[in-house]
Protein chains: 2
Amino acid sequence: MKKPTIKDVAKAAGVSTATVSYALNGRTDKVSNETIERIKQIIETINYIPDFSARSLVKNQSKLIGIVIPQTESHKQLILENPFYSEIISGIEGKLREHGYHLLLSGVNQGESYLNLSVQRNLDGAIMMGIYPEQFYDGFKKIKIPIVLIDSYINDSYFKRIGIDDEYGGYLATKHLIDKGHSNIGLITGAIRKDGVVEKRFLGYKRAIREANFFYNPDYVFEDSMSYEHGMAAGKLIASKHPEITAVFATGDMVAFGAIRSLINEGKRVPEDISVIGFDDISMSKMFIPPLTTIRQSITEKGAVAAELLIHMIQGNGEQEANEVVLPLTIVERATVKALG
Amino acid sequence: MKKPTIKDVAKAAGVSTATVSYALNGRTDKVSNETIERIKQIIETINYIPDFSARSLVKNQSKLIGIVIPQTESHKQLILENPFYSEIISGIEGKLREHGYHLLLSGVNQGESYLNLSVQRNLDGAIMMGIYPEQFYDGFKKIKIPIVLIDSYINDSYFKRIGIDDEYGGYLATKHLIDKGHSNIGLITGAIRKDGVVEKRFLGYKRAIREANFFYNPDYVFEDSMSYEHGMAAGKLIASKHPEITAVFATGDMVAFGAIRSLINEGKRVPEDISVIGFDDISMSKMFIPPLTTIRQSITEKGAVAAELLIHMIQGNGEQEANEVVLPLTIVERATVKALG
DNA sequence: TTGTACGCGTTATCAG
DNA sequence: CTGATAACGCGTACAA
């Protein structure tokens, strides 16, 4: 048997579909309480479940939220291998569900646009991570979909933002190394792009260096991608070409893992010979051996707050709220940084 | 301006909506090629994008696939912290998208059922990981939603299954340790439940032990949850109470990480004092220090194949295909197992 | 409370 | 053979 519709309920209850609809939506002004009770009974027994497609069509809201995350080069796969993203998604999904929304997780094929998806599926909103070409943002503005940006420094009041003070984080990490007596401090980082988080962390690094009256040496920054592999490559370079470097700030934990690995491969001990500090505190960081000293941000909370902001925007309570939420940062000292001398 | 509908296209093209619909679906038997061309032009210029909700309503297919993954106790959050799940989701999403489907990622609130979601959203199919109460499976059968089970030993021809030979994997891991000269081999594992993957791995462990004519000692199996924390706890126990154990088989890589960590904390060296072998080969395993020796399965492929199976079922080509796909297993020797003596 | 038009796209039926 | 008309799927909300 096919699934029951609102008509079946109406028929069984001996009322009109309108009444059922009102009852369902708790419009006590439209239907008497007794009728509501009776209808609820019937819904129970025949096991009626409203169809979201139909609802979406008439109410023009899908209760569906999209999430835009970077993809692999080939655009074939999401980079969920990076635990940072999966943790944040966890946070988003939980909060969304709490408010009756669902999460549509999709990458985008070559050439196509996420905008298409948003329109097709009638997304009520979307959460974006990473930075993209400007036209990408413009597209969303044009179709008026509420957007929350995670870790973005795009300054446009159309979007709400949630992030951390990356510059301060970079400063904090570097300062920590300096306080421990290090002066030749390497930076291993993903691509430094304008308005990206990495740029800010880099800026913080430089500020700490300058503040300590050290010489900022561009040769000490190893910039490529935010990946384990790049960490490996940079670590190797440092071990072989820059033995004077005694400490490294990796702008992401995964990068730090790679660096530590190759440093050890090259015969260095961490932290005895060289200290490493990471950034993010993904769940793996405390499990790593040695446990990673890093700048902690609450990743799951970031996701949850992003979801909350978005829901407020969707429900129209967006104005009375801050355009930007900045989450706190702390340093968590574990076992990869050692005081010098 | 609001988004263009099929009517707008029809008006602009001077044809009926039916014609536009036919053109869109490439029904060359219904519309002349020229008309199709002209309509396509117009669609381009006014930027028309069909609405999936409307489509879903009439075609009764949503192009939406659900995915059921275990949740944390509180039912608040998905366990995406375990990279195993995120990697598999990566694989699923990529393949789904390739075929024009999208992924709905949702946990389930306390008391509610995933069935509700499936009906509401008109899911075309779902992929399930983990094992659940029987009624859960029955529900899906009742509403006739195609389901692919990942890592399940539920034997019911209604479902297609994708997995590995877990018993063999458990055997392989244990045998490897035995071949390296170990005889007192501990097992650290998640809950051993009937028809679960863990049970099979456990069985493989026992088979290898018996085959080698060793004594199977129940005291050597540390069963709790498939978590880093349990690995830690078990490792500590082994170090303190069972110094005679020289090798450990952890039925999941995360568990192995935890075990190694506490073993080291307790002053043991891995692998010099005690060997550890894991299971799964999540991407983190090769990054771990020391790199984890483990039983490798292609997690991403598992997801991709699951998606493919499901799509075939949905498209009705399910019968001509195997009910079960078993992916290969290999042992990857890294640095946590050492030959004895 | 109810009848019903409506939202959007599909498709069976009918006409040119 | 090309194209139009109209009913339909499901739930909502306005006018009565």
Side-chain angles (χ1 to χ4, degrees), chain A residues 1-40 42-43 46-64 100 116 119-124, chain B residues 1-40 42-43 46-64 100 116 118-124 143:
Chain A
M1 97 241 148
K2 55 197 179 306
K3 78 177 189 184
T5 75
I6 199 171
K7 279 186 194 153
D8 299 317
V9 179
K11 206 174 299 171
V15 297
S16 74
T17 62
T19 307
V20 177
S21 176
Y22 289 135
L24 232 66
N25 299 328
R27 303 285 299 256
T28 42
D29 54 325
K30 293 282 184 180
V31 197
S32 73
N33 277 326
E34 318 158 33
T35 328
I36 290 186
E37 245 347 282
R38 193 156 47 87
I39 291 176
K40 291 225 160 138
I42 299 195
I43 287 178
I46 76 171
N47 201 15
Y48 163 71
I49 299 169
D51 183 318
F52 273 49
S53 298
R55 237 182 219 172
S56 169
L57 206 54
V58 35
K59 307 241 287 193
N60 217 28
Q61 54 162 344
S62 59
K63 292 284 179 183
L64 226 41
N116 259 304
V119 177
Q120 282 173 181
R121 294 287 184 186
N122 241 305
L123 297 189
D124 288 350
Chain B
M1 96 240 147
K2 57 196 175 307
K3 78 176 188 185
T5 74
I6 200 171
K7 280 189 195 149
D8 300 317
V9 179
K11 208 173 297 171
V15 297
S16 76
T17 61
T19 306
V20 176
S21 177
Y22 290 135
L24 231 66
N25 297 327
R27 302 287 298 257
T28 42
D29 55 323
K30 291 285 187 180
V31 195
S32 73
N33 278 324
E34 317 160 34
T35 326
I36 290 186
E37 247 344 286
R38 192 157 48 88
I39 291 176
K40 290 222 161 142
I42 299 194
I43 286 178
I46 76 172
N47 201 14
Y48 164 71
I49 299 168
D51 183 319
F52 272 48
S53 297
R55 250 190 205 161
S56 170
L57 206 54
V58 34
K59 307 240 287 192
N60 216 29
Q61 53 161 343
S62 58
K63 292 283 178 185
L64 226 41
N116 258 303
S118 311
V119 177
Q120 282 171 179
R121 293 288 184 187
N122 241 304
L123 298 189
D124 288 350
I143 59 176

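Every value quoted in this text rests on a predicted model; they were computed, and no experiment measured them. FYI, side chains are in, hydrogens and waters are out, and symmetry mates aren't considered; it's all heavy atoms of this structure.
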Checking D:dT5, C:dT4, C:dC8 against the side chain of B:D51 (C-beta onward), the nearest is C:dC8
Shortest side-chain distance from B:L57, nucleotide among D:dA13, C:dG9, D:dG9:
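In terms of side-chain proximity for B:L57, the closest of D:dA13, C:dG9, D:dG9 is D:dG9.
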Hey, is the side chain of [X] poking within less than 4.0 Å of OP1 or OP2 on [N], counting only N and O atoms?
X: A:T19; N: C:dT2; result: yes
X: B:S32; N: D:dC1; result: no
X: B:T35; N: D:dG3; result: yes
X: A:R55; N: D:dT12; result: yes
X: B:S21; N: C:dG9; result: no
X: B:Y48; N: C:dG9; result: yes

Let me know the distance between [atom1] of [X] and [atom2] of [N], rounded to the nearest Å.
X: B:I6; N: C:dG7; atom1: CD1; atom2: P; result: 14 Å
X: A:N60; N: D:dA13; atom1: CG; atom2: P; result: 12 Å
X: B:E34; N: D:dC1; atom1: CD; atom2: P; result: 15 Å
X: A:I43; N: D:dC10; atom1: CD1; atom2: P; result: 15 Å
X: B:I39; N: D:dT2; atom1: CD1; atom2: C1'; result: 11 Å
X: A:K7; N: C:dG3; atom1: NZ; atom2: P; result: 13 Å
X: A:Y22; N: D:dA15; atom1: OH; atom2: C1'; result: 10 Å
X: B:N25; N: C:dT11; atom1: CG; atom2: C1'; result: 10 Å

Does a side-chain heavy-atom distance below 4.5 Å link B:V15 with B:V31?
no
Grab the two heavy atoms, one from A:R121 and one from B:K63, that are nearest each other, plus how far apart they are.
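Nearest heavy atoms, A:R121 then B:K63: NH2-O, 2.8 Å.
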Check A:A23 against A:I39 and note the closest heavy-atom contact, atom names and distance.
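Nearest heavy atoms, A:A23 then A:I39: CB-CD1, 3.7 Å.
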Salt bridge (Lys or Arg N to Asp or Glu O under 4.0 Å) involving A:D124 - partner list, sequence neighbours excluded:
none
Going by atom type alone, with no hydrogens or angles, which donor-acceptor pairs under 3.5 Å involve a side-chain atom of residues 50-57 of chain A and a protein atom two or more places apart or on another chain?
residue, atom, partner, partner atom, Å
A:D51, OD1, A:S53, N, 2.6
A:D51, OD1, A:S53, OG, 3.4
A:D51, OD1, A:A54, N, 3.3
A:D51, OD2, B:N122, ND2, 2.9
A:S53, OG, B:S56, OG, 2.9
A:S56, OG, B:S53, OG, 2.9

Earlier contact from the 5' end, DNA chain C, for B:T17 and A:S16:
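The answer here is A:S16.
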When you match A:F52 and B:K30 each to their closest nucleotide on DNA chain D, which lands nearer the 5' end?
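Checking each residue's closest nucleotide, the 5'-ward one belongs to B:K30.
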Pairwise 5' ranking along DNA chain D for B:D29 and A:V20, keeping only the more 5' one
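Of the two residues, B:D29 wins.
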